Amino acid sequence: MLETVVSGIRFSNPLLLASGIMDETADSMIRISKSGAGGIVTKSIGMEEREGYENPVVYELPNGLGLLNAMGLPNPGIENYKNEIKNALKGGVPVIGSIFGKDAGEFLYLSKRMEDYGVHAIELNLSCPHAKGYGMEIGVDENLVEEIVNEVKKSVNIPVWAKLTPNTHKIVDIAKAAEKADALVLINTVRGMAIDVDARVPVLKNVYGGLSGPCIKPIGVRAVYEVYRETQKEIVGVGGILNGRDALEYIMAGAKAVQIGTAIYYRGVGVFHEIASEMREWMKKNKVSKIKELVGIAQVR
Amino acid sequence: MYRVVEIEEVRDEAKDVKTFFFRDTSNPQPGQFYMIWIPQVDEFPMSISYIGELKGFTVKKIGKGTTKMHSLQKGDKLWLRGPYGKGFKIEEGKALVVGGGTGMATLAPLAEMLGNKDIIIAAKSEDEIIFRNRFKENVFFATDDGSLGFKGFATKLAERMIEEDDYKIIYTCGPEMMIRKMVDIAKERKIKIQASLERYMKCGIGICDSCTINGYRVCVDGPVFSEEILFSMDDLGRRWRAKSGKSISKEENHDIGEKSQ
Ligand SMILES: Cc1cc2nc3c(=O)[nH]c(=O)nc-3n(C[C@H](O)[C@H](O)[C@H](O)COP(=O)(O)OP(=O)(O)OC[C@H]3O[C@@H](n4cnc5c(N)ncnc54)[C@H](O)[C@@H]3O)c2cc1C
Ligand SMILES: Cc1cc2nc3c(=O)[nH]c(=O)nc-3n(C[C@H](O)[C@H](O)[C@H](O)COP(=O)(O)O)c2cc1C
Ligand code: FES
């Protein structure tokens, strides 16, 4: 009932673990696989080992709105990640290797390594810092996005997913620049910050951070809806999914699968099983037998 | 969201260890921890060491954040989130409480709630022993240099006491090498055990994976674990994670040297 296929990869259900949440260690990825996730996206891995930013790196927004984080892309570095992937594959579900770099050359190198390690697909994290600075992300530069996607596509044989940033006014143009990708992943976190009024300073050590959780869901749904409409590409929706209805909302906007991150903080590791049964229940009640029937159904023609 | 609390009293406990008392709306269980933020300095995890009306953190001066905390006085403020994690569960029968260094801070509120128990308070030497007068009876001291009580590791004293008495449950916290040893002893002697672990924490809320040991997040699934999980933890006392998430051995973990026992 919940099976789905994205870029030729078959998932037993459309609920994948989002990059950066409980996916640095193989043991955690295996645990999430066994907890009902249809697939796993690894933490974003770069060329060198990085410690990430100092604490505070997360801020819990009040009233269940979501989280603000600035982890600073901590990761062991690609050369130290081989064993982690090898073990994560024992979870028995497809593993998508997320990578970040500063230019096409780095993305290309990282993709090839990930392919060697045995991942089922590559996810390009295009929300990493642009070499030009100013807090700009690589993913807002159409030319760079096109170059990275095309270079990586040319050199690996596994599917390539491009994960786009919502921090741009031209998401459709960026999606078109990433046209050669096998699937698009929408969205990464939304740039934001928080100030503690009593301390009179920004909370995050890095000052700026990325918003995730329920407060960004409408932004994610809109991005999926717009891009699906304009490109007809295969889409994976992500941002603020907390329950079965949220996942269905993304699917109706045009996503064939979704990713789940912050909901683990709200509902625990069992969230994949729970959302899957919430979806099944809705589908039974509404006499829908396959996810496929719902993809993009909400598009107003 | 952080809550701001005011320090009402600061007490010297031992060399480089102070307790900070405050009032707060939360209702923690022994073994739970908070994230303490000192704006513009650092944010770090800290167990609750007093859980009554007046609550306390018992803090050892280690690095940037804890050094700043040691300079704070009555009337100064702390920013908190928590309490987080799973605390101790009280089991039937006579208990052996084994605390090494500031590990005793985590165990103290539990020890106060236990009926039938013996307590081992251990440290490198007498001047590092905390809570020397907090418990009225059944307290045994162990120091590496013999300056107070038993001369030698807490684990050696514990083994001797286990020979003589019929403990049903061991509660422990302290350097990870000590916990590893206590877990091995408990397994061999078929005694129940609960241990509170410390791993490098970033988020404190179970999302970043930095504190994970064998698939268990210390911040959410722990910090207190019981025997069925502890016996299966291959990495306990053997492998750690660097701040980058890289898997490292005992030899590569430079923090563990001074903390080992
Ligand atoms: C669940 C838990 C409960 C704890 N309870 C107590 C307690 O009751 N009393 C007490 O004195 N200490 C306790 N600690 C240890 C305490 O968190 C560290 O000593 C403190 O974070 C050091 O911060 P710093 O800024 O002074 O050091 P830093 O300058 O940041 O670093 C010095 C060293 O301290 C350790 N450390 C630093 N940050 C962390 C962190 N976020 N998590 C774990 N270790 C860290 C590392 O080994 C590091 O190399 C606890 C740790 C955990 C995980
Ligand atoms: C703590 C944290 C770390 C993250 N790290 C990454 C990362 O390394 N790479 C990436 O592409 N996205 C990262 N993200 C973004 C998520 O993958 C996801 O796009 C975003 O959180 C929205 O989904 P959610 O609301 O379900 O969490 C991170 C998010 C969080 C909360
Ligand atoms: S500190 Fe982030 S998962 Fe435990």
Side-chain angles (χ1 to χ4, degrees), chain A residues 18 20-32 34 43 45-46 48-63 65 67 69 71-77 79-81 83-84 87 194 196-205 212 261-266 268-269, chain B residues 1-6 35-46 63-66 76-82 84 86 199-221 229 232-235 239-248 252:
Chain A
I21 294 98
M22 273 188 82
D23 54 5
E24 187 167 83
T25 71
D27 287 333
S28 288
M29 291 188 266
I30 291 173
R31 180 174 173 194
I32 301 280
K34 307 262 182 237
K43 191 173 193 69
I45 305 299
E48 310 282 344
E49 181 177 356
R50 272 174 69 98
E51 292 191 346
Y53 300 133
E54 285 174 30
N55 272 7
V57 289
V58 298
Y59 178 70
E60 299 169 75
L61 294 175
N63 310 322
L65 288 169
L67 296 172
N69 91 82
M71 304 301 301
L73 292 165
N75 79 96
E79 309 307 336
N80 291 317
Y81 211 62
N83 266 335
E84 232 66 66
N87 290 327
D196 186 284
V197 170
D198 298 304
R200 306 180 183 196
V201 293
V203 174
L204 298 175
K205 192 62 159 230
S212 65
T262 304
I264 293 177
Y265 158 69
Y266 287 112
V269 174
Chain B
M1 280 282 277
Y2 291 93
R3 301 188 300 283
V4 187
V5 299
E6 193 177 304
M35 294 297 283
I36 304 180
W37 179 42
I38 302 179
Q40 293 177 296
V41 182
D42 198 4
E43 185 195 43
F44 45 87
M46 203 52 65
K64 212 165 31 92
T66 49
D76 286 335
K77 295 185 168 76
L78 294 174
W79 275 251
L80 305 184
R81 51 190 182 100
Y84 292 127
K86 299 204 168 53
R199 284 281 170 134
Y200 192 78
M201 285 185 185
K202 291 184 179 180
C203 72
I205 54 173
I207 56 171
C208 76
D209 217 15
S210 69
C211 69
T212 299
I213 168 167
N214 295 121
Y216 297 100
R217 297 161 298 172
V218 171
C219 66
V220 168
D221 304 310
I229 290 175
S232 75
M233 271 187 184
D234 288 340
D235 288 353
R239 293 204 79 81
W240 284 261
R241 295 275 169 180
K243 288 178 188 172
S244 67
K246 183 180 155 192
S247 175
I248 53 176
E252 294 163 293

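Predicted model, so just to flag it, every value in this text is computed and none were measured. Naming: A, B, ... by sequence-line order, numbering from 1 per chain. Heavy atoms only: backbone and side chains are in, while hydrogens, waters and symmetry mates are out.
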### Summary
Taking every heavy atom of Gly215(B) against every heavy atom of Asp27(A), the minimum-distance pair comes out as N-CB, 3.2 Å
### Message
If we define contacts as heavy-atom pairs under 4.5 Å, which of Asn214(B), Val4(B), Val41(B) has the most with chain A?
### Response
Asn214(B)
### Query
Just wondering, more than 12 heavy atoms not from Lys205(A) lying within 6.0 Å of its NZ?
yes
### Query
So what's closer than 4.5 Å to chain A heavy atoms on Met35(B): side chain, backbone, both or neither?
side chain
### Message
Applying side-chain contact (heavy atoms from CB on, under 4.5 Å) to Leu67(A) and Ile207(B), what does each step give before you reach the verdict?
### Response
CA-CA 11 Å; Leu67(A) 296 172; Ile207(B) 56 171; 3.5 Å; yes
### Query
Do Glu60(A) and Arg3(B) sit within salt-bridge range, that is, some charged N less than 4.0 Å from a carboxylate O?
no
### Task
Output all residues satisfying side-chain hydrogen bond (donor to acceptor under 3.5 Å, both in side chains) with Ser244(B), sequence neighbours left out; order by chain, then residue number.
Glu49(A)
### Structural part of Met22(A) lying under 4.5 Å from a heavy atom of chain B
both
### Task
In plain terms, say whether Arg31(A) and Asp221(B) are close enough for a salt bridge, that is, a side-chain N and a carboxylate O under 4.0 Å apart.
yes
### Message
Which atoms of Val220(B) are under 4.5 Å from chain A, going by heavy atoms: the side chain, the backbone, both sets, or neither?
### Response
neither
### Query
Of the listed residues (Ile205(B), Ile213(B), Thr212(B)), which shares the most heavy-atom pairs with chain A below a 4.5 Å separation?
Ile205(B)
### Task
Identify which of Ile264(A), Ile32(A), Val203(A), Asn69(A) forms the greatest number of heavy-atom pairs closer than 4.5 Å to chain B.
Val203(A)
### Top of Pro74(A), Pro202(A), Gly72(A), Ala199(A) for chain B proximity - count of heavy-atom pairs under 4.5 angstrom
Ala199(A)
### Query
Between Tyr84(B), Phe44(B), Tyr216(B), which has the largest tally of heavy atom pairs under 4.5 Å with chain A?
Tyr84(B)
### Query
Are any of the side-chain heavy atoms of Glu54(A) and Lys64(B) separated by less than 4.5 Å?
yes
### Query
Looking at Val58(A), Val57(A), Thr25(A), Asn80(A), which one has more heavy-atom pairs under 4.5 Å with chain B than the rest?
Thr25(A)
### Query
Do Arg81(B) and Tyr59(A) come close enough that some side-chain heavy atom pair is under 4.5 Å?
no
### Task
Look at Lys77(B), Met1(B), Met201(B) and state which one has the largest set of heavy-atom pairs under 4.5 Å with chain A.
Met1(B)
### Query
Any chance CD of Glu6(B) has more than 12 other-residue heavy atoms, nucleotides or ligands included, within less than 6.0 Å?
yes
### Flag side-chain contact, heavy atom, 4.5 Å: Glu24(A) against Cys208(B)
no
### Message
Nearest 0.5 angstrom please: Glu51(A) CD to Ser210(B) OG, how far?
### Response
11.5 Å
### Query
Is it the backbone or the side chain of Arg217(B) that comes under 4.5 Å from a heavy atom of chain A, or both, or neither?
both
### Message
Shorter than 4.5 Å, heavy atoms on both sides: which option in Thr262(A), Asp198(A), Asp196(A) has the most such pairs with chain B?
### Response
Asp196(A)
### Task
Output yes when a side-chain donor or acceptor of Asn55(A) lies under 3.5 Å from a complementary backbone atom of Lys202(B), and no otherwise.
yes
### Task
Check whether Asn83(A) gets within reach of chain B through its side chain, its backbone, both or neither, counting any heavy atom under 4.5 Å.
neither
